[in-house]
Amino acid sequence: MAVERILVVEDDFDISEMLESWLGEAGYAVTLAGDGLEALERFGQARFDLVLLDLMLPKLDGFGVCEWIRRRSDVPIVMLTALDGEAEQLRGYDLKIDEYVTKPFSMPVLLRRIGAILRRSGGRSAANVLVYRDLTLDLDAYTATRNGRELNLTNREFECLRELLQNQGRVLTYQMLVNRICNYDYLGDDRVIYSHIKNLRRKLGADYIQTVRGVGYRVEKA
């Protein structure tokens, strides 16, 4: 069985360290993020089965992180926060979180809640499919379909499309795309990205990808 991956978004070092230790001992693979923007970056770089999310975060609060994730994925989200007011809890559930846990909390109880949520969600399946309008990307199988028709994308084309769709509304610069999809030495030639985008537009049969002249590319929010 594959190891389930958990993204822990927490700016308190002691709590973050404790969560990493307990979750690791329970058999989960843990990735840490110390602020809201780092959480978005980490989520865009890997596949996760569950997100543990603090609310009071630097740079971007937990509600903003949750809203960003929910536009892209149905991955289970557990809010883990000192805010115990009704308004905060209702807002969290309105954003379709799976559980709201207030601090201080029992680590053994939290582990059982996480296990229950993962069983209900069927593990990782919801987190591994990315849907954008009439496009569907299977992040495990590296396949993309449009209106049910499979697109013949190369791995690099798929990765480029994945990055753009996971960052809807944001401009990704040429260098950002190179850093995220190219696992070889880069000599500063933007044509490698230009070629991928050109091929993607042709294979998609629709101009979802916008050019921001002199900067990079983006797709509009769905």
Side-chain angles (χ1 to χ4, degrees), residues 3-132 139 163 165-170 221-222:
V3 176
E4 289 165 314
R5 298 172 57 89
I6 296 179
L7 174 62
V8 175
V9 188
E10 171 62 64
D11 66 323
D12 185 302
F13 177 78
D14 291 334
I15 295 176
S16 181
E17 189 177 54
M18 178 187 68
L19 289 167
E20 183 179 30
S21 176
W22 277 80
L23 291 168
E25 289 180 8
Y28 298 108
V30 181
T31 297
L32 301 178
D35 61 62
L37 294 183
E38 185 181 6
L40 306 190
E41 182 180 2
R42 295 285 180 266
F43 192 85
Q45 290 172 340
R47 176 185 67 238
F48 294 100
D49 301 292
L50 185 137
V51 178
L52 280 178
L53 178 61
D54 189 15
L55 279 183
M56 295 185 290
L57 296 167
K59 300 183 182 180
L60 180 66
D61 69 20
F63 290 123
V65 173
C66 183
E67 186 175 359
W68 185 91
I69 290 175
R70 275 292 168 259
R71 290 199 299 264
R72 293 157 175 81
S73 172
D74 291 326
V75 62
I77 296 175
V78 176
M79 281 188 170
L80 200 62
T81 176
L83 299 176
D84 59 359
E86 181 180 273
E88 289 84 7
Q89 295 184 53
L90 290 174
R91 185 178 176 189
Y93 286 114
D94 285 344
L95 289 172
K96 300 180 181 179
I97 65 168
D98 295 81
E99 188 72 86
Y100 194 104
V101 178
T102 57
K103 302 173 183 177
F105 55 88
S106 162
M107 201 61 227
V109 172
L110 178 62
L111 286 174
R112 282 159 179 77
R113 286 184 175 182
I114 289 171
I117 290 169
L118 289 171
R119 287 193 298 273
R120 290 200 303 268
S121 70
R124 64 188 64 231
S125 58
N128 284 356
V129 176
L130 178 60
V131 178
Y132 177 80
L139 303 183
E163 292 301 323
L165 296 186
Q166 287 180 330
N167 292 276
Q168 295 168 37
R170 293 182 59 201
K221 293 181 181 179

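Keep in mind that this is a model prediction, so the values were computed, not measured.
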Validation row: [X], [Y] side chains within 4.5 angstrom (heavy atoms):
{"X": "L110", "Y": "L19", "value": "yes"}
{"X": "Y93", "Y": "E99", "value": "yes"}
{"X": "Y28", "Y": "V8", "value": "no"}
{"X": "D94", "Y": "F63", "value": "no"}
{"X": "E4", "Y": "L50", "value": "no"}
{"X": "K103", "Y": "I15", "value": "yes"}
{"X": "E10", "Y": "L52", "value": "no"}

Candidate list R5, R70, R47, test side chain to side chain contact (heavy atoms under 4.5 Å, CB included), partner V75, passing option: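 Filter result, single survivor: R70.
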
Axial cation check for F43 ring with R72, 6.0 Å and 45° limits: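 No, R72 and F43 do not form such a contact.
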
Closest non-hydrogen atom pair between G62 and L53, with its separation: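 Looking at all heavy atoms of both residues, the shortest contact is O-CD2, 3.3 Å.
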
Over all atoms of both residues, closest heavy-atom pair of P76 and D49: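 For P76 and D49, the tightest heavy-atom pair comes out as CD-O, 3.1 Å.
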
Distance in Å, [X] [atom1] paired with [Y] [atom2], rounded so as to fall on 0.5 Å steps:
{"X": "L7", "Y": "T31", "atom1": "CG", "atom2": "OG1", "value": "6.5 Å"}
{"X": "K221", "Y": "L165", "atom1": "NZ", "atom2": "CG", "value": "14.0 Å"}
{"X": "I97", "Y": "I77", "atom1": "CD1", "atom2": "CD1", "value": "8.0 Å"}
{"X": "Q168", "Y": "W68", "atom1": "CD", "atom2": "CH2", "value": "9.0 Å"}
{"X": "K59", "Y": "D11", "atom1": "NZ", "atom2": "CG", "value": "11.5 Å"}

Counting only heavy atoms not in [X], do more than 12 fall under 6.0 Å of its [atom1]?
{"X": "E67", "atom1": "CD", "result": "no"}
{"X": "R112", "atom1": "CZ", "result": "no"}
{"X": "K96", "atom1": "NZ", "result": "no"}

D98/R119 salt bridge by N-O under 4.0 Å criterion: no

E88 vs T81, side-chain contact (heavy atoms from CB on, under 4.5 Å): CA-CA, chis, key distance, verdict: CA-CA 10 Å; E88 289 84 7; T81 176; over 6 Å; no

side-chain contact (heavy atoms from CB on, under 4.5 Å) between L40 and V65, intermediate numbers included: CA-CA 7 Å; L40 306 190; V65 173; 4.1 Å; yes

D54 side-chain N/O to L57 backbone N/O, donor-acceptor pair under 3.5 Å: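 Between the backbone of L57 and the side chain of D54 there is no qualifying donor-acceptor contact (under 3.5 Å).
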
Stepwise side-chain contact (heavy atoms from CB on, under 4.5 Å) test for E20 and L32: CA-CA 8 Å; E20 183 179 30; L32 301 178; 3.5 Å; yes

Y100 and L83: CA distance, side-chain angles, deciding distance, side-chain contact (heavy atoms from CB on, under 4.5 Å) verdict: CA-CA 10 Å; Y100 194 104; L83 299 176; 3.8 Å; yes

